[in-house]
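Notes to accompany the following structure.
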2 protein chains.
Amino acid sequence: MRRVRLDDANCPVARTLDEIGDWWTLLIVRDAFVGRTRFSEFQKSLGLAKNILAERLKMLVANGILEKRPASDGGARSEYHLTDKGRDLRLILIALRQWGEDHLFEDGEDMTVIRDPASQPIARLRLANAVGEELGPEDIRVVQGHKKRHAKAGRVESTLA
Amino acid sequence: MRRVRLDDANCPVARTLDEIGDWWTLLIVRDAFVGRTRFSEFQKSLGLAKNILAERLKMLVANGILEKRPASDGGARSEYHLTDKGRDLRLILIALRQWGEDHLFEDGEDMTVIRDPASQPIARLRLANAVGEELGPEDIRVVQGHKKRHAKAGRVESTLA
DNA sequence: ATCGAAAGGTTTCGTTATTAAACCTATTTA
DNA sequence: TAAATAGGTTTAATAACGAAACCTTTCGAT
């Protein structure tokens, strides 16, 4: 009767949720983006039980989202750093953030915001077609049964035609 | 000892995950995007237990993501439809999808893809600054303590300056 | 060098959440 | 009119989560 597994689904959304779709995982990744690397930093920041933090970190390392490596300052404790795969989660975090900003905050409430290196706001994510024209909510259709194409020259395949 | 609540966090990512960050919720929303509206359609498609589907649908309706309304064909059963708030989740679904496509599928595996009304692929989501220049993974910083501004003229506030 | 504290976990145990399956009632369909 | 389907609710078992206690290694101060 274990939890239903979606890791063999042919829907990428389902597979992604299977790997990172629990309460804590993306918050740990968010903290990693903010520069936290140590067990105790995550634990203090998130306030979650140490046993479940330990389990999540193991899972994140096993899935190649975080990398466990010796402390950069020569200390004995190790640090958790984002891999490229983990850094690629930033668009998911931004999408979650923008939706939350829009729908989960009242006017006047304090919230954290994201800035670029020039301290300017970042652009909203937008859904566009191959030519860059904005698509509305009704303009997307899901089609079955495509095979993932080989990524060329070491670069990740782009859905942009 | 109930689950830790994040609905009062000042991080929009945390609040969003608190509301939709469980295993099933986003998959139900994904199904709603594909046009499914009935209890039995969701249940057959997702293969989850009926009691937890019922609970999730209640939560989605309570949170204003789905709307329960009488069947459009005059039948006695009701249908679940996305609200505007629910439709705004599309960028999150696309972000999850693109990450899954990149990192969770081997070459040659079957997967569903998304097309626009002209049957063309959609563009990748991209992280850009206010001027539209692409930002890398290191180019985002989180800043504390901003107050949500009042949305002008009925439109949602844009983080695009 | 030694003592105490902190880091980084693991173990234990109680509570909550998920799950499959059985059950139920109101509607359709044959 | 009978049977099947829709749309749930209830029950009981299992799995995941949570807090606290515990443990070992390392670090900092004396």
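First the proteins, then the strands, lettered A, B, ... as listed; each starts at 1.
For the pair B/Lys68 and D/dG8, the criterion of a side-chain N or O lying under 4.0 Å from OP1 or OP2 is met. Between A/Arg38 and the phosphate of C/dA7, there is no side-chain N or O to OP1/OP2 separation shorter than 4.0 Å. The side chain of B/Arg77 places no N or O atom within less than 4.0 Å of a non-bridging phosphate oxygen (OP1 or OP2) of D/dT5. In this structure, A/Arg56 reaches the D/dC17 phosphate: one of its side-chain N or O atoms is under 4.0 Å from OP1 or OP2. Phosphate proximity of D/dG8 to B/Tyr80: present, with a side-chain N or O under 4.0 Å from OP1 or OP2. Between B/Trp24 and the phosphate of C/dT19, there is a side-chain N or O to OP1/OP2 separation shorter than 4.0 Å. Contact check, B/Lys50 against D/dT11: no side-chain N or O comes under 4.0 Å of OP1 or OP2. The side chain of A/Lys44 contributes no N or O atom lying less than 4.0 Å from OP1 or OP2 of C/dA6.
One atom, CD of A/Glu41, and another, P of C/dG8, lie 8 Å apart when rounded to the nearest Å. Rounded to an integer number of Å, the gap from CD1 of A/Ile52 to C1' of D/dA15 is 14 Å. If you take CG of B/Asp73 and P of D/dT5, they are 18 Å apart, rounded to a whole angstrom. Put simply, CD on A/Glu79 is 15 Å from C1' on D/dT26, counting in whole angstrom units. Rounding to whole angstrom units, CG of residue B/Leu48 and P of C/dA17 are separated by 16 Å. Atom CD1 of B/Ile28 and atom C1' of C/dT18 are 13 Å apart (whole Å). Rounded to an integer number of Å, the gap from CG of B/Leu53 to P of D/dT9 is 10 Å. Taking atom CE on B/Met59 and atom C1' on C/dT18, their separation rounds to 13 Å, with Å as the unit.
No side-chain donor from either of B/Gln120 and B/Asp116 sits under 3.5 Å from a side-chain acceptor of the other. No side-chain donor-acceptor contact under 3.5 Å links A/Thr112 and B/Asn10.
Position along DNA chain D of the nearest nucleotide to A/Gly47 versus A/Gly75 favours A/Gly47 as the more 5'-ward residue. If B/Glu55 and A/Asp22 are placed on DNA chain D by their nearest nucleotide, the residue sitting closer to the 5' end is B/Glu55.
Counting only heavy atoms from C-beta outward, the side chains of A/Met111 and A/Glu101 approach each other to under 4.5 Å. Here the side chains of B/Glu79 and B/Phe39 are not in contact, with every heavy-atom distance at 4.5 Å or above.
Between the side chain of B/Asn51 and the base of C/dT19 there is at least one donor-acceptor pair of N/O atoms closer than 3.5 Å.
No side-chain donor-acceptor contact under 3.5 Å links A/Arg15 to the backbone of A/Pro12.
By the 4.0 Å N-to-carboxylate-O rule, A/Glu134 lies close enough to A/Arg126 to be salt-bridged with it.
With C/dT27, D/dC17, C/dG8 as the choices, the nucleotide that has an atom nearest any side-chain atom of B/Ala76 turns out to be C/dT27. Among D/dG18, D/dA6, C/dT10, the nucleotide with an atom closest to any side-chain atom of A/Ala49 is D/dG18.
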